[in-house]
Amino acid sequence: MDGFLQSFWQYAYLLAAFATVFSIKWLNHPSTARRGVIIGEIGFALAIIGTLLRYEVVNYTGILIAIVIGAMIGAPMARLMPMTSVPQFTALSHAFGALAAALVGTAEYYYDFPAAPSGFKMVALTIEVLLGFLTFTASLMAFGKLQGLVPSPPITYKGQNFVNLTVLAAGVVFGVWPIVTAAPVWMYPAFVLICLLFGVMFILPIGGGDMPTVIALLNSFAGASACAMGFAMQNRLLIIAGALNAASGFILSVIMCKAMNRSFANVLFGAFGQVQEKAVGKAAARPVRSATAEDAAMLLVNSQKVIIVPGYGMAVAQAQHKVRELTDQLVKRGVDVQFAIHPVAGRMPGHMNVLLAEADIPYDRLHEMEDINNEFSECDVALVIGANDVVNPAARHDKTSPIYGMPILDVDKARNVMVIKRSMNPGFAGIENELYYDPKCLMLFGDAKSFLSEIVKEVNAQAPVHA
Ligand code: NAP
């Protein structure tokens with residue numbers, strides 16, 4: 001029995017590693033995502049229990065206090081956080097994960113002080129601490145930008161990239177020094193300060209709107225830091241989970257860049273928010289056609305096929321349940337209702353899928369851009385709910401547009417287009433949308449949730465057409 005207990009942690013770690021792999025796999029699709037979350041939680045519980053049963057742990061009091069404090073902060077955060085705030089809270093959890101890795105690395109560094117860990121371990125510790133501390137401050141900055149605590153527009157100055165690269169190079173020199181030769185006592189604290197400083201400087205020139213992409217990249221850094229910690233401490237679970245985290249975060253940020261047709265360099269160094277202000281200035285007064293909820297309901301119930309395009313505004317208005325009500329009413333009347341999901345609609349990957357799933361809209365009605373784009377030409381109405389950039393035709397032909405080349409949903413090819421939004425204000429990219437001036441486009445001005453309520457009422461008042 002004693003032998004089993006002593007080796008239990010190894011089995012627990014192995015199972016936790018499998019659970020992490022399955023969790024990431026199942027999180028890939030809305031229909032299996034809940035299962036993915038549960039298996040991930042089981043994996044983490046196994047990893048924690050396995051660690052607590054390891055013979056190296058001699059005192060549980062400090063660990064218990066840490067678990068209670070962590071749970072007291074984490075549980076209310078998860079319950080009270082609105083869906084629109086998920087990106088900033090993800091940033092916050094990366095910040096603390098990365099800080100934990102960096103502090104463990106620091107403790108390891110000072111374990112036999114003044115003798116420094118030698119060779120391979122020192123290399124792993126340097127990577128762990130560098131990525132850990134810079135991810136900590138960078139994630140806090142990302143949180144601040146998204147939460148409105150730090151100014152959201154990019155903060156830039158002349159020679160910024162050079163200054164940033166110099167600070168990074170200094171960090172690398174201070175980090176590599178102890179690997180190569182004996183380092184003075186002040187060098188490690190200086191290394192830590194440089195890493196912390198670089199995290200702040202890295203985020204300053206990036207606009208708040210690009211934070212979700214940056215957060216995915218920081219997720220990757222935090223994973224790489226944990227992976228390095230695994231090498232430093234010879235902990236296989238950390239190596240596996242950290243590597244998976246690092247790879248998935250990196251792949252996600254690449255997917256997001258591709259979906260916006262922007263390079264990594266453009267996101268990190270392009271100061272995207274500044275382009276927006278110039279672009280807004282071009283807006284000229286042109287007539288648009290607006291309509292009432294009654295007009296919209298009439299058009300919808302007389303349609304055979306309607307494609308709904310949700311966007312960030314649906315999330316802000318929390319209109320997903322009203323979308324569901326409208327879908328049900330239209331389907332009852334024989335209208336074919338489908339959903340077109342753009343990969344970067346909203347402000348985080350899968351934003352629309354999560355909201356529509358929360359409202360119990362069947363997954364088989366949700367279609368990715370490339371699968372549904374050629375169906376717009378044969379649909380009667382494209383109903384755009386709080387989406388803007390992802391349906392802007394300028395992305396196809398206006399080479400001066402900041403979103404030129406971004407794949408978009410071809411709503412302008414539908415027979416009729418209706419757009420629910422509150423005003424003519426631009427979306428994330430800060431540019432005018434020429435779709436709104438298209439003669440077949442009807443603007444439905446108002447908050448998405450209230451306007452949809454009105455439409456549902458009007459639809460209910462209409463006689464069924466295709467019963
Ligand atoms: P968007 O271009 O930001 O437009 C959202 C629109 O929603 C706004 O024009 C706004 O117009 C409207 N809106 C806001 N509150 C509303 C409310 N209560 N009721 C009705 N409408 C409301 O959104 P999108 O089309 O979803 O495009 C997403 C953008 O974010 C893309 O440019 C993408 O590149 C970027 N982005 C996405 C991600 C991601 O992972 N999804 C990450 C980084 C960046 P009014 O103010 O007039 O109402």
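Numbering of ligands and ligand atoms starts at 1, following listing order. None of the values given here were measured: they were computed from a predicted structure. Hydrogens, waters and symmetry mates play no part in the numbers below; they use all other heavy atoms, side chains included.
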Would you say [X] has any N or O atom under 3.5 Å from an N or O of ligand 1, going by distance alone?
{"X": "D210", "answer": "no"}
{"X": "M406", "answer": "no"}
{"X": "R422", "answer": "yes"}
{"X": "G346", "answer": "yes"}
{"X": "S423", "answer": "yes"}

- [ ] Have a look at R347, M424, M260 and point out the one with the heavy atom closest to atom 29 (C) of ligand 1.
- [x]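 Answer by nearest heavy atom: R347.
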
Task: Closest to atom 6 (C) of ligand 1 among S450, G386, G427 (heavy-atom distance) - done: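 Nearest heavy atom to atom 6 (C) of ligand 1 lies in G386.
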
Look at [X] together with [Y] and state whether they make a salt bridge at an N to O cut-off of under 4.0 Å.
{"X": "R415", "Y": "D380", "result": "yes"}
{"X": "K332", "Y": "D328", "result": "no"}
{"X": "R289", "Y": "D295", "result": "no"}

Against heavy atoms of [X], which atoms of ligand 1 measure under 4.0 Å?
{"X": "P212", "value": "42 (C), 43 (C)"}
{"X": "A387", "value": "25 (O)"}
{"X": "M256", "value": "40 (O), 42 (C)"}
{"X": "G311", "value": "26 (O)"}
{"X": "N388", "value": "1 (P), 2 (O), 4 (O), 9 (O), 24 (P), 25 (O)"}

- [ ] Using distance alone, with no hydrogens and no angle criterion, decide if E358 and Q320 have a side-chain donor and acceptor under 3.5 Å apart.
- [x]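 On atom types as modelled, these side chains qualify, holding a pair under 3.5 Å.
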
TODO: Verify whether one side chain among R333 and Q329 offers a donor that lies under 3.5 Å from an acceptor in the other.
DONE: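 Checked: R333/Q329 side chains pair up, N/O donor to acceptor below 3.5 Å.
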
Open item on the list: Looking at ligand 1, is there an atom of it that comes within less than 4.0 Å of some heavy atom belonging to D447?
Closed with: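 Judged by the 4.0 Å heavy-atom criterion, D447 does count as contacting ligand 1.
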
Task: ligand 1-proximal atoms of P426, by part, heavy-atom distance under 4.0 Å - done: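 Only the backbone of P426 comes within reach of ligand 1.
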
Task: A448 and ligand 1 - part of the residue with a heavy-atom distance under 4.0 Å - done: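 Within the 4.0 Å criterion, A448 contacts ligand 1 through backbone and side-chain atoms alike.
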
Open item on the list: For a quick test of reading the model, state the closest non-hydrogen atom pair linking L326 to L300 and the distance between them.
Closed with: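 So the minimum-distance heavy-atom pair works out to CD2-CD1, 4.2 Å.
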
Task: Heavy-atom closest pair, residues M352 and A315 - done: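 M352 and A315 have their closest heavy atoms at CE-CB, 4.4 Å.
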
Open item on the list: Tell me whether F18 at atom CZ has more than 12 heavy atoms from other residues, nucleotides or ligands lying less than 6.0 Å away.
Closed with: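 No, not enclosed.
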
Task: Atom pair CG (N219) and NE2 (H94), whose distance is rounded to the nearest 0.5 Å - done: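 Interatomic distance, N219 CG to H94 NE2, rounded to 0.5 Å: 3.5 Å.
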
